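Just so it is clear, the model here is predicted, and its values are computed rather than measured. Residue indices begin at 1 and follow the sequence shown.
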Amino acid sequence: AYRPSQPFKGFNTAYAQQRHSMLKRNDNRCPRKEFVEDLNLEIGKWREKGDAIIIAVDVNEDIQSCEFTLMLQRYNIQETIIQKYQGKALASYNRGSTPIDQIYASIGTDIISGGYPTFGDGVPSDHRSLWIDSPLSYIFGQHLSHVHS
């Protein structure tokens with residue numbers, strides 16, 4: 001998921017495009033707030049159905065102290081990599097000093113491993129390519145057949 005960056009950085013930014021689209025729908029909210037509010041509603045529906053949540057997101061704000069992380073904590077959804085390794089979150093944007101990207105999951109999600117590769121390792125980007133490994137049976141809710149050769 002992508003939460004737009006700060007406003008007023010140009011007319012061709014994701015923020016400006018989303019703001020324009022929202023104004024056409026007579027929605028005067030800030031796109032950054034809309035992202036959190038709309039995802040909050042959807043997560044509430046999913047949790048009511050008993051679904052576990054895994055979400056990878058670029059929050060464009062320090063994940064350690066933002067409203068997005070606080071919203072997820074109310075649903076017992078936490079940062080996966082930080083929790084798995086009980087470590088400090090690394091900067092995830094190469095021109096920043098704080099983590100703005102994260103993979104979150106419902107508490108109790110079976111995370112086998114995960115990590116923060118170095119910048120440029122994997123997909124070429126100015127962000128780290130965060131990853132987690134979770135059993136397919138956990139993700140799909142069933143035991144998958146083994147392929148035999």
To the nearest 0.5 angstrom, please state how far the [atom1] atom of [X] sits from the [atom2] atom of [Y].
| X | Y | atom1 | atom2 | value |
| --- | --- | --- | --- | --- |
| Ile103 | Thr80 | CD1 | OG1 | 5.0 Å |
| Gln73 | Ile107 | CD | CD1 | 8.5 Å |
| Gln78 | Ile111 | CD | CD1 | 9.0 Å |
| Phe68 | Ile63 | CZ | CD1 | 10.0 Å |

Is there side-chain contact between [X] and [Y], with heavy atoms separated by less than 4.5 Å?
| X | Y | result |
| --- | --- | --- |
| Thr69 | Tyr104 | yes |
| Leu39 | Arg3 | no |
| Glu67 | Lys33 | yes |
| Ile132 | Thr109 | no |
| Pro135 | Ile112 | yes |
| Pro31 | Tyr15 | yes |
| Arg19 | Asp27 | no |

Would Arg128 pass as a cation-pi partner of Phe119, given that its NZ or CZ must be under 6.0 Å from the six-membered ring centre and within 45 degrees of the axis? yes
Minimum heavy-atom separation for [X] to [Y], with atom names?
| X | Y | result |
| --- | --- | --- |
| Ser129 | Pro117 | O-CD, 2.9 Å |
| Pro4 | Gln18 | CG-OE1, 3.2 Å |
| Arg29 | Met22 | O-CE, 3.0 Å |
| Ala91 | Ser97 | CB-C, 3.7 Å |
| Ser5 | Asn60 | N-ND2, 3.5 Å |

Can Val59 and Asp101 be said to form a side chain to side chain contact (heavy atoms under 4.5 Å, CB included), step by step? CA-CA 6 Å; Val59 181; Asp101 305 294; over 6 Å; no
Hydrophobic clustering (ILVMFWY, side-chain heavy atoms < 4.5 Å, transitive) - are [Y] and [X] grouped together?
| X | Y | value |
| --- | --- | --- |
| Trp131 | Ile82 | no |
| Leu90 | Leu130 | yes |
| Ile100 | Val36 | no |

According to the interplanar angle, ranging from 0 to 90°, do the rings of Tyr93 and His127 count as parallel (below 30°), tilted (30 to 60°) or perpendicular (above 60°)? tilted
Kindly list each side-chain donor-acceptor pair under 3.5 angstrom involving residues 40-47, sequence neighbours excluded, with atom names and distances?
{"from": "Asn40", "atom 1": "OD1", "to": "Tyr75", "atom 2": "OH", "distance (Å)": "2.7"}
{"from": "Glu42", "atom 1": "OE2", "to": "Lys45", "atom 2": "NZ", "distance (Å)": "3.3"}
{"from": "Arg47", "atom 1": "NH1", "to": "Asp51", "atom 2": "O", "distance (Å)": "3.0"}
{"from": "Arg47", "atom 1": "NH1", "to": "Ser106", "atom 2": "OG", "distance (Å)": "3.1"}

Strictly by side-chain hydrogen bond (donor to acceptor under 3.5 Å, both in side chains), give each pair with a member in residues 112-125 just once, sequence neighbours left out. Gln102-Tyr116
What do you reckon, is CG of Asp133 surrounded by more than 12 foreign heavy atoms closer than 6.0 Å? yes
